[in-house]
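Have a look at the structure below, then the notes.
On a predicted model such as this, the values are computed, not experimentally measured, just so you know.
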Amino acid sequence: MPATPAHTTTKPTEAAGAAPSTPPPGGSTPHPSRTTAEPPAEAVTPLIRGIAVLRRLTEAGGTLSPSALERATGLARSTVDRITATLARMGYVRLDGRDVVLTPRLMELGNAYLAALRLPALLDSRADALADELDESVSLAVGDRDGIRFIHQATRRRAMSLSFRIGDLLPAERTAPGPLFATEWTDEDWRRWHERRAADPEDRGFPAVPPRPHTTDDFERRTADAAREGWALDDQLIEPGLVAVSVPVRDPATGRIACVANVVSHTSRHTAEDLRATLLPRLRETVAAMQRDLATAPPPPQGPPPADLATWTAASKQELGRDFIESLARGLTVLTAFEESRPALTLTEVAKATGLARATARRSLITYEHLGLVRHCPDTRTFTLTPRVLSLGFPPLSRTSLPRIAQPHLEDLAAQVQESASLAILTPSAEEIQYTARAVTHNIMSVDITVGTRLPAHVTALGHVLLADPSSPTAQAGYALADEELEEGLRALAVPVRDRTGRTVAAANLAMHAARHTRESCVEHLLPALRRTAALIEADLHVASRFTHVPLT
């Protein structure tokens, strides 16, 4: 059964957050739930600082300059540079000119939490089907102390659309799921909520929502109503026009709330009362089916153990020297030890899964418990991830697309081989290809094609790859070479880009004047580099699409 993301009373060292008290860019208020207590003596300081950098990047939308990170975290510039160099080595950020940019690879940390939780995998199809039936956005949320976080979104594409992302943190009192989670709060939870409200009356510490209007707060009454009625409404609490209705999905084994299913609309389509009268019955039916799914879910399959990343960190330290912070890299690998078949791990199991020394794994877990990213259960001596892991880059990265994923890799390829590189997909008619990403070189004579251009599929290398039957020579070879088929003097080489199921969803290519590379030179010298680039795009796509929808355009 999935772990129940319920609010529990915690020790002071389990308080959430890790950043120094320096305000983030723009002077916004740090979230009041971040810990101000001194970290335990055995906490890993570089890991605390690395988490602070990742959170500040997340709050900024995924991109900040090193100098902005220095101001946001209060860390010395040399420390920021070493942290970002380490994160870049791990593939979690990209150093793009003067900016530090989060990369899709970082989503593996949030994926570890979502996989261990199991709820998205077990319930997302029900949520998606309800969204299609009602033609409204449907989400699943879990409680994160005095807030909520979304773990699944099935949104409708409209001019008036919702901007919430998976992993976004919202104040409980301004949502429909919040009162339902609050029905299980302890006295300590309510005390923390009152303290946060007093410290941040306008919700400046919640960047996913607009500042709170000065209105009377009836959250405690709404919580009492939710406890009595078994559902809750959001009547324009976040912003004018937004309405929602929520029903709890309970863990059949414990009866506690596992997550909350939420239907969101706009007052131009439904009033809050209309949601209750017309959509609530159907939502309740879906929740009942979700609870049956949880009750009958088979045990998770045993997945492969994580790679021995401890060996990799040692090699990276040898290569990069002082610029590589080994304790930060090793600490981050601890989060990836958790998975669908490993939702709760003992210290010994964490050490075995990561290849870390037991003492190293222990200090990392102590640090994460202090930061609110890990919860310790003394009765079973196990550790579990908390929803706060989603605060490490997941919200801005969960809205990425395949062209955005491919662009930096295409730019690296074009710079390496000095030829234009592209990504394309097949149009619905299968008669044309459409370019979705491009990286050009500055040769005097270059291939002049822009993003959005459509060309006949049958005369392009990209089209040959996208149209290839699995048994065709092109598919067997794994590439296609178009030699002056589209235009005299134009030679192009293309390879497939495949999704998590192995299906070809796009193709990447190199295009050049025929005088610069013979057919043999294309295969011998350019094809290996193009294949490496496609593999990098696929790796990012597979991580990003595990629990989110990644558009192809």
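Shown here are the side-chain contact (heavy atoms from CB on, under 4.5 Å) partners of Pro120, two or more places apart in sequence or in another chain: Leu114, Leu117, Ile151, Phe547. Under the rule for a side-chain hydrogen bond (donor to acceptor under 3.5 Å, both in side chains), the partners of Ser67 that lie at least two apart in sequence or sit in another chain are Ser65. Among residues two or more places apart in sequence or in another chain, the side-chain hydrogen bond (donor to acceptor under 3.5 Å, both in side chains) test is passed with Ser125 by none. Applying the side-chain hydrogen bond (donor to acceptor under 3.5 Å, both in side chains) rule to Arg519 yields the partners Asp483; only residues at least two apart in sequence or on another chain are considered. Partners of Ala121 by side-chain contact (heavy atoms from CB on, under 4.5 Å), not counting sequence neighbours: none found. With sequence neighbours left out, the ring-ring contact (aromatic ring centres under 6.0 Å, His included) criterion links Phe150 to Phe164. Take Gln416 and apply the side-chain hydrogen bond (donor to acceptor under 3.5 Å, both in side chains) test, not counting sequence neighbours, and it matches no residue.
Annotation: the span from Asp412 atom CG to Gln407 atom CD amounts to 10.0 Å, rounded to 0.5 Å. Here the straight-line distance linking atom OG of Ser472 with atom NE2 of His464 works out to 10.5 Å at 0.5 Å rounding. Between atom OG1 of residue Thr460 and atom CD1 of residue Ile433 there is a gap of 3.5 Å, rounded to the nearest 0.5 Å. Rounded to the nearest 0.5 angstrom, Arg56 CZ and Leu64 CG are separated by 10.0 Å. If you take CD1 on Ile405 and CG on Leu397, they are separated by 9.0 Å, rounding to the nearest 0.5 Å. Atom CD1 of residue Ile51 and atom OG1 of residue Thr367 lie 9.5 Å apart, to the nearest 0.5 angstrom.
Residue pairs meeting the salt bridge (charged side-chain N to carboxylate O under 4.0 Å, His left out) criterion with at least one member in residues 72-95, sequence neighbours excluded, are Arg77-Asp81, Arg89-Glu319, Arg94-Asp96. Legend: salt bridge (charged side-chain N to carboxylate O under 4.0 Å, His left out) pairs involving residues 536-546, not counting sequence neighbours, sorted by first then second residue: Glu339-Arg546. Applying the salt bridge (charged side-chain N to carboxylate O under 4.0 Å, His left out) test to pairs two or more places apart or on separate chains, none has a residue in residues 458-481. Among pairs with a residue in residues 458-467, none fulfils salt bridge (charged side-chain N to carboxylate O under 4.0 Å, His left out), at least two apart in sequence or across chains.
Across all non-hydrogen atoms, the minimal contact from Val440 to Ser420 is CA-OG, 3.8 Å. What you find for Thr346 and Phe383 is that their closest heavy atoms are C-CD1, 4.5 Å. Counting all heavy atoms, side chain and backbone alike, Pro396 lies closest to Leu102 at CG-CD1, 4.3 Å. The minimum heavy-atom distance between Thr354 and Ala337, with the atom names listed, is CG2-CB, 3.9 Å. The shortest heavy-atom contact between Arg498 and Leu541 is O-CD2, 3.9 Å. Taking every heavy atom of both residues into account, Met90 and Arg105 meet most closely at O-NH1, 3.7 Å.
Counting only heavy atoms from C-beta outward, the side chains of Arg55 and Leu392 approach each other to under 4.5 Å. Side-chain atoms of Leu373 and Tyr113, non-hydrogen and from C-beta on, never get closer than 4.5 Å to each other. In this structure, Tyr92 and Glu108 have side chains that are in contact, with non-hydrogen atoms separated by less than 4.5 Å. Using a 4.5 Å heavy-atom cutoff, the side chains of Pro66 and Thr84 are not in contact. Taking the side chain as every heavy atom from C-beta outward, Leu87 and Val100 never approach each other to under 4.5 Å. Inter-residue side-chain proximity for Leu493 and His517 is flagged as unmet; no heavy-atom pair is nearer than 4.5 Å. The shortest side-chain heavy-atom distance between Arg358 and Thr348 falls under the 4.5 Å cut-off. At least one side-chain heavy atom of Leu123 sits less than 4.5 Å from a side-chain heavy atom of Leu140.
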*Run the numbers on Leu455 and Tyr435 for side-chain contact (heavy atoms from CB on, under 4.5 Å), then give the verdict.*
CA-CA 9 Å; Leu455 294 174; Tyr435 287 82; 3.6 Å; yes
*Starting from the C-alpha separation in whole Å, work towards a yes-or-no answer on side-chain contact (heavy atoms from CB on, under 4.5 Å) for Val334 and Leu365.*
CA-CA 8 Å; Val334 166; Leu365 290 168; 3.9 Å; yes
*Kindly indicate, with the supporting measurements, whether the criterion side-chain contact (heavy atoms from CB on, under 4.5 Å) is fulfilled by Val374 and Leu385.*
CA-CA 5 Å; Val374 160; Leu385 300 181; 3.9 Å; yes
*Yes or no on side-chain hydrogen bond (donor to acceptor under 3.5 Å, both in side chains) for Thr450 and Thr453, after CA distance, side-chain angles and deciding distance?*
CA-CA 6 Å; Thr450 59; Thr453 297; 3.2 Å; yes
*I would like to know whether Leu106 and Val93 meet side-chain contact (heavy atoms from CB on, under 4.5 Å); could you show each step before the answer?*
CA-CA 8 Å; Leu106 180 62; Val93 304; 5.9 Å; no
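Of the possible polar contacts, none joining the Tyr479 side chain to the Ala461 backbone as a donor-acceptor pair under 3.5 Å is found. Remark: side-chain polar atoms of Thr58 are paired, donor with acceptor, to backbone N or O of Gly393 under 3.5 angstrom. Between the side chain of Thr384 and the backbone N or O of Ala344, no donor-acceptor pair lies under 3.5 Å. The closest donor-acceptor contact from the side chain of Thr86 to the backbone of Ile325 lies under 3.5 Å. The main-chain N or O of Ile449 is found under 3.5 Å from a side-chain atom of Arg438 such that the two form a donor-acceptor pair. Side-chain atoms of Ser364 come within 3.5 Å of backbone atoms of Thr360 as a donor-acceptor pair (strictly under, hydrogens ignored).
Taking the charged nitrogens against the carboxylate oxygens, Arg342 and Glu349 have no contact shorter than 4.0 Å, which rules out a salt bridge.
In summary, of the residues considered (Val138, Leu119, Asp128), a side-chain contact (heavy atoms from CB on, under 4.5 Å) with His152 occurs for Asp128 alone.
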In residues 503-511, what donor-acceptor pairs under 3.5 Å come from side-chain atoms, sequence neighbours left out?
residue : atom : partner : partner atom : Å
Arg503  : NE   : Asp499  : OD2          : 3.4
Arg503  : NH2  : Asp499  : OD2          : 3.4
Asn509  : OD1  : Ser422  : N            : 3.3

